[in-house]
Amino acid sequence: MARLSRYSRWDGTQAVPDLDADDLLSAMSDDLLADGDLWNALRRLFQRGAQNPQGGRMPGLQDLLKRLKQERQQRLEQYDLGSMLDDIKKKLAEIRDTERQAIEKDVPPGAKQEQMLNTLDQLPQDPPGQIKALQSYPFHSPEAKQKFDELMKSLQEQMFKPFMQGMQQGLQSLTPEDLKRMREMMRDLNQMLRERAQGGEPDFQAFKDKWGQNFPGAENLDQLLEQMGKQMGQMQSLLQSLTPGQRQELQQMMQSLFMKDERLEAEMAQLAMNLEQLLPMDALRRPYDFKGDENLSMKEAMRVMEELQEMEQLERQLRRAKDPGDLDKIDPADVERLLGEEAARDLQRLRELAKKLEEAGYLENRGGKLQLTARAMRKIGDKALREVFAHLKRDRFGRHAVSRRGAGGDRTDDAKRYEFGDPFLLDLRGTPVRLSPDDFEVWRTELSTQAATVVLLDLSRSMLYNGCFLPAKKVALALHALIRGQFPRDSLYIVGFSLYAREFNPTELPELSPSETNIGTNMHAAFMLARTLLGRQKGGNKQIIMITDGEPTAHMEDGEAEFAYPPTRRTLQETLKEVQRCTREGITINTFMLERSAMLAAFVEQMAKINHGRAFFATPERLGEYVLVDYVSNKRRVAS
């Protein structure tokens with residue numbers, strides 16, 4: 001039975017395999033070639049992620065930040081923050097109704113019932129006033145009293161949470177003893193913070209021994225400050241997110257919780273002032289613009305503020321991250337809680353990015369610095385070669401026939417009668433019993449030339465500004481890969497030139513970068529160095545491939561470069577003299593121009609007349625096709 005497969009459009013949710021080291025190296029290669037900086041290429045890969053060959057993506061840091069923004073916006077569009085005040089009002093109304101119903105049910109009609117109902121009706125109409133009055137109100141209904149205690153507990157939890165995490169039992173109902181201990185703790189805390197603000201070193205251990213159960217997880221004063229700052233910031237952020245009227249109403253409700261101890265209120269006000277001196281509270285009390293319609297209780301509102309605050313902190317951590325090592329400071333559990341399991345997995349993939357490249361042998365740590373290995377250089381060159389020929393039709397790449405005979409190359413599929421001097425590659429198919437020289441046939445071979453090539457790579461800043469440098473460097477890499485893989489007997493030299501000329505090892509190409517300070521186009525120096533390098537080669541074809549976007553603007557005088565723009569007659573003459581020397585030594589110069597300027601075209605025409613080399617105008621995008629196809633077509637020819 002035939003197996004059926006279903007295909008659907010990629011929507012970003014389907015699972016795809018993780019990128020392997022080859023995929024990662026390929027994804028970062030263009031950035032690496034663009035400016036030659038390995039760390040910058042890694043950072044950009046780290047920031048932007050990479051495309052998966054199967055069609056998906058490895059998300060980058062920017063994707064995590066985008067997801068974080070979406071999660072934050074989702075909460076802001078979901079909830080109505082002001083509804084928590086309505087929730088408190090609703091609960092206060094339920095408490096009064098429960099008390100009223102109990103009085104009317106349990107107390108016989110008469111003066112006593114009327115007095116009790118009048119006392120209930122005389123409670124303030126505003127919620128803060130009701131909360132304050134109900135704290136001393138003689139409840140008749142145990143159920144109403146329980147509801148009020150639960151409301152008070154909820155409000156007190158949010159108000160005193162930074163200071164009473166270890167006193168949850170006391171929050172059930174603050175007794176005078178609880179308030180006394182809290183006031184004492186606040187006093188000790190304020191004293192310690194004042195000492196820190198004055199430059200001293202408070203005895204945190206003594207404070208911890210006495211009050212540490214109220215601040216779980218705080219092992220030093222800095223951790224304690226961070227813990228309190230976050231939690232107080234949540235309350236202040238909530239207040240700042242309300243309308244002015246709502247903010248005033250909530251503040252009055254909170255103040256009504258202090259009716260039992262005004263000195264505690266004063267200590268808390270002092271604590272807020274001390275925290276302002278020691279912490280960046282502005283970053284912790286950011287206001288949010290809620291636009292939703294979903295109702296919230298006070299406890300739920302504080303939970304949302306905590307999540308938003310944690311999102312802000314995670315965003316700061318992600319924005320500060322410059323390389324995978326920085327992500328080790330981010331707790332994956334926080335990412336999973338705020339953004340989900342997939343985001344936590346994406347974080348882990350980013351953490352392992354450099355490690356995966358190291359394990360594959362593409363990066364190595366040399367003296368604490370990551371560097372590309374020779375294996376990685378070869379991979380990047382092979383990729384450049386594939387990209388060049390990916391744009392060509394199959395019939396444009398191959399061996400172009402001429403009517404010359406060669407020896408030592410690969411055998412072709414046609415035969416001819418043997419002649420004296422032919423290599424003895426006999427075709428013995430159908431050989432007669434009686435043999436004579438005319439009876440023998442030999443396989444034809446291709447002419448396989450051995451070549452020595454110098455690529456002159458213009459490193460002047462115009463190549464950078466005109467977007468020509470990356471394509472030119474890719475071509476040099478691709479040519480190196482081609483020669484290494486298919487023509488290993490050939491020699492290749494890379495010379496970069498701007499004001500001066502310098503030889504580069506082909507393995508240096510990926511990290512070779514032009515500089516904005518590279519003024520001048522010193523072809524004179526480049527030809528001199530190329531001629532010296534090719535002079536080391538005995539026999540074979542010698543050629544120079546020059547890739548440039550400008551005419552010569554510098555030449556050498558007594559070992560020093562002389563620069564002038566527009567070019568001087570002296571610069572043009574000295575450069576053409578060096579072209580003549582190359583010509584006398586049998587060196588062919590083929591020039592690939594990346595700019596259509598009249599001056600460059602005129603100069604290259606003069607070079608061609610002297611050297612009998614060829615000149616091509618090529619756009620940066622098609623440069624590789626010109627150079628590599630020309631190289632291959634001149635390498636192998638079929639013999640007659």
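All of these numbers come straight from a predicted model, not from anything done at the bench.
Among all heavy-atom pairs drawn from M607 and I589, the shortest one is CE-CG2, 3.7 Å. The minimum heavy-atom distance between V455 and A476, with the atom names listed, is CG1-CB, 4.5 Å. The shortest heavy-atom contact between G535 and K542 is CA-NZ, 4.4 Å. Nearest heavy atoms, T575 versus P552: OG1-CB, 4.0 Å. Between P567 and M599, the closest heavy-atom pair is CD-CE, 3.6 Å. Counting all heavy atoms, side chain and backbone alike, D63 lies closest to G60 at OD2-N, 2.8 Å.
To the nearest 0.5 Å, atom CD1 of residue I494 and atom CZ of residue R502 are 12.5 Å apart. Taking OG1 of T571 as the start and CG of L576 as the end, the distance is 10.5 Å to the nearest 0.5 Å. Rounding to the nearest 0.5 angstrom, the gap separating the OG1 atom in T453 from the CG atom in L533 is 12.0 Å. Separating the CD1 atom in I544 from the CE atom in M523 is a distance of 11.5 Å, to the nearest 0.5 Å. Separation of atoms NE2 (H612) and OG1 (T588) is listed at 10.0 Å; rounding is to 0.5 Å. Rounded to the nearest 0.5 angstrom, L459 CG and F504 CZ are separated by 5.5 Å.
Checking side-chain atoms of T521 against main-chain N and O of T553 turns up no donor-acceptor pair under 3.5 Å. Here the side chain of D458 pairs no donor or acceptor atom with the backbone of M546 at under 3.5 angstrom. Listed for the Y493 side chain is no donor-acceptor partner under 3.5 Å among the backbone atoms of L534. With hydrogens and angles disregarded, no donor-acceptor distance shorter than 3.5 Å links the side chain of D346 to the backbone of P59.
Screening residues 524-534 for side-chain hydrogen bond (donor to acceptor under 3.5 Å, both in side chains) gives R531-E578, R531-E585 as the qualifying pairs, with residues at least two apart or on separate chains.
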**Study point:** side-chain contact (heavy atoms from CB on, under 4.5 Å) between L314 and L339, intermediate numbers included
**Key:** CA-CA 10 Å; L314 178 58; L339 300 179; 4.2 Å; yes
Exercise for review: Apply side-chain contact (heavy atoms from CB on, under 4.5 Å) to the pair S460 and D549, showing each step before the final yes or no.
Suggested key: CA-CA 9 Å; S460 61; D549 71 339; 4.1 Å; yes
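Between R67 and E342, the closest side-chain pair of non-hydrogen atoms falls below 4.5 Å. Counting only heavy atoms from C-beta outward, the side chains of Q580 and F527 never approach each other to under 4.5 Å.
Put simply, the residue from D331, I330, V335, D334 that forms a side chain to side chain contact (heavy atoms under 4.5 Å, CB included) with Q317 is I330.
Comment: R570 engages E557 in a salt bridge, judged by a side-chain N to carboxylate O separation of less than 4.0 angstrom.
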